[in-house]
Amino acid sequence: MKIITILGARPQFIKAGSISREIVKYKEIQEIIVHTGQHYDANMSDIFFDEMKIPKPDYFLGIGGKSHGAMTGQMIEKIEEVVLKEKPDWILVYGDTNSTLAGAIVASKLHVKLAHIEAGLRSFNMNMPEEINRILTDRVSQILFCPTDAAVENLKNEGFDNFNCKIVKSGDVMQDGAIFYKEYAIKPKCKIENDFILCTIHRAENTDDESRLKNIFEALEEISKEKQILLPLHPRTKKILENLKLNIQNLTLIEPVGYLEMVWLINNCSLVMTDSGGLQKEAYFFRKKCITLRDETEWIELVKLGVNTLVGDNKKKILNAYEMSNILNRDNFDLDLYGSGTIESSSHVIIESLKNNKG
Ligand code: UD1
Ligand code: UDP
């Protein structure tokens, strides 16, 4: 059986770390990795393949740093060439980036079976590019691997039971990664104070709106007078901040770090503040409270559990959530929200399903 995996953005490398490690256990499965080039800086791409020992991509398409249309269009053209040449049984895509959508469109046009990992997630905000990417990808997938009960529910509500596809509650492959790589964690070389807060910001809805970004950074500056806020800065945010000239005196801005450094930071911080999707779950895996700098989240089970607080860009809410984070009931973390529902890992459930749906 031949699988073509399409990836291109940081969170996809991290998810592939677990899936590719599972695939190599199967002699009868060949994985061809296609890297679209959506993320291309060494600390946004190469570092993950090196540190996490992910097999090197078989194809590198070199398509990054472009507008949505140009990027997605060029990816479709190049991925199609690879798929026509390789003739895979499955195309595998992760998450909700433009690379995901490009892979999904090629699969559907060429009638190759499509498997979507992280299917069924919804923010119900149609202004998010990710929401469009995931809805379109889900609709043309033959197997939809859902990380949570909420994701399964979303698909059922959209009528997916009536479509020619299979829904599998697989759990979350990011949990497999967090468990596996934890023992390889590396302390980053920068100055790190006790009790620091780990923060990341990169979402278009925050970075592309000057007033939102300003509100968030004002609140972070305020908090960092009391506690160190360590912020590995996404290149998108870095470029925008350079032009805005905000008052950033107290924040510890560092370059993006590799996953092993990130795991150390999550495991050792006192609080996570982020607009990242993946980091919200990782905070939970490492039993850390998370303040989410967005108006909605796909990971609603964390909000329901009370370990994740949605604050958007509202300064008062951000400061209030920070104060409240000190009085968290730690027992809340004991639930298994992201498991596959079996004793098997999510990656194992996914690869077994693909193997058994070969025909
Ligand atoms: C993309 C995904 C987003 C995901 C994020 C993970 C889409 C629509 N968005 O957002 O869902 O959460 O990846 O990090 O696919 N840049 C660099 N070097 C790089 C990568 C990016 O300088 O290695 C800069 C470029 O100026 C680029 C900008 O960041 O234009 C945005 O990159 P892009 O891949 O378009 O979107 P992300 O914001 O990274
Ligand atoms: N991450 C990382 N280094 C960083 C920032 C994030 O390794 O400097 C990891 C993070 O731990 C998580 C993933 O990148 O595993 C999340 O990616 P990102 O926030 O870019 O995208 P999202 O999950 O929001 O789509």
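Here the structure is a predicted model, which means the values were calculated and not measured. Ligands are counted one by one from 1 in listed order, and the atoms in each one are counted from 1 as well.
Using a 30° and 60° split on the angle between ring planes, F49 and F13 fall in the tilted class, from 30° to 60°.
Each of the atoms 17 (C), 22 (O), 24 (C), 25 (C), 26 (O) of ligand 1 lies under 4.0 Å from some heavy atom of K239. Against a heavy-atom cut-off of under 4.0 Å, P232 is close to the following atoms of ligand 2: 8 (O). If you number the atoms of ligand 1 from 1 as listed, the ones under 4.0 Å from a heavy atom of G65 come out as 30 (O). For ligand 1 and D41, the ligand atoms under 4.0 Å from any heavy atom of the residue are 17 (C), 18 (N), 19 (C), 22 (O), 23 (O).
For ligand 2, none of its N or O atoms has an N or O atom of H234 under 3.5 Å away. At under 3.5 Å, a nitrogen or oxygen of N98, whether backbone or side chain, sits near a nitrogen or oxygen of ligand 1. Remark: ligand 2 and D96 share no N or O pair separated by less than 3.5 Å (distance only, no angle test). Ligand 2 has no nitrogen or oxygen under 3.5 angstrom from a nitrogen or oxygen of M262. Looking at ligand 1, you won't find any N or O of H68 less than 3.5 Å from one of its N or O atoms. When only interatomic distances are considered, the shortest N/O to N/O separation between F48 and ligand 2 does not fall below 3.5 Å. Any N or O atom pair closer than 3.5 Å counts here, and R10 shares no such pair with ligand 1. At under 3.5 Å, a nitrogen or oxygen of Q38, whether backbone or side chain, sits near a nitrogen or oxygen of ligand 1. For a threshold of 3.5 Å applied to N or O pairs, the pair formed by E282 and ligand 2 contains at least one separation below that value. For M174, no nitrogen or oxygen atom sits less than 3.5 Å from a nitrogen or oxygen atom of ligand 2, counting backbone and side chain alike.
Within a 6.0 Å sphere centred on CD of E344, heavy atoms belonging to other residues, nucleotides or ligands number more than 12. The number of heavy atoms from other shown groups lying within 6.0 Å of NZ (K2) is above 12. At most 12 heavy atoms of other shown residues, nucleotides or ligands fall within 6.0 angstrom of atom NZ in K182. Counting non-hydrogen atoms of neighbouring residues, nucleotides and ligands closer than 6.0 angstrom, the NZ atom of K189 reaches no more than 12 such neighbours.
Within the structure, ligand 2 lacks E130 among the residues with a heavy atom less than 4.0 angstrom away. For the ligand labelled ligand 2, residue R203 lies inside the 4.0 Å heavy-atom shell.
In this model, no donor atom of one side chain and acceptor atom of the other lie less than 3.5 Å apart for E51 and Y181. With no hydrogens or angles considered, a side-chain donor-acceptor pair links E86 and Y59 at under 3.5 Å. Residues D176 and S347 bring a donor and an acceptor atom of their side chains to less than 3.5 Å of each other. A donor and an acceptor atom, one from each side chain of N154 and R122, are nowhere located under 3.5 Å apart.
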Determine, stepwise, if the pair T292 / N308 fulfils side chain to side chain donor-acceptor pair (under 3.5 Å).
-> CA-CA 7 Å; T292 298; N308 186 327; 2.7 Å; yes
Given the rule in the side chain to side chain donor-acceptor pair (under 3.5 Å) test, do T309 and K289 qualify, once you have shown the distances and angles that lead to the verdict?
-> CA-CA 8 Å; T309 311; K289 174 97 164 90; 2.6 Å; yes
Test E282 against K288 for salt bridge (charged side-chain N to carboxylate O under 4.0 Å, His left out), laying out the working first.
-> CA-CA 8 Å; E282 288 167 337; K288 301 296 155 84; over 6 Å; no
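Closest protein heavy atom to atom 38 (O) of ligand 1: R236 NH1, 2.6 Å.
Cation-pi contact between R10 and F48: absent, since separation from the ring centre below 6.0 Å together with deviation from the ring axis within 45° is not met.
Between atom 10 (O) of ligand 1 and the options M71, R203, H39, Q12, the minimum heavy-atom separation is to H39. Distances from atom 23 (O) of ligand 2 to the heavy atoms of G17, G278, A178, A283 show the closest one on G278.
Here I14 has side-chain heavy atoms under 4.0 Å from ligand 2, and that is the only part of it that gets that close. Contacts of K66 with ligand 1, taken as heavy-atom pairs under 4.0 Å, are absent altogether. With a 4.0 Å cut-off on non-hydrogen atoms, S276 touches ligand 2 through its backbone as well as its side chain. The proximity of S45 to ligand 1, defined as any non-hydrogen pair under 4.0 Å, does not occur for either the backbone or the side chain. With a 4.0 Å cut-off on non-hydrogen atoms, M44 touches ligand 1 through its side chain and not its backbone. Contact annotation for E130 and ligand 1: only side-chain heavy atoms (C-beta onward) come within less than 4.0 Å of the ligand.
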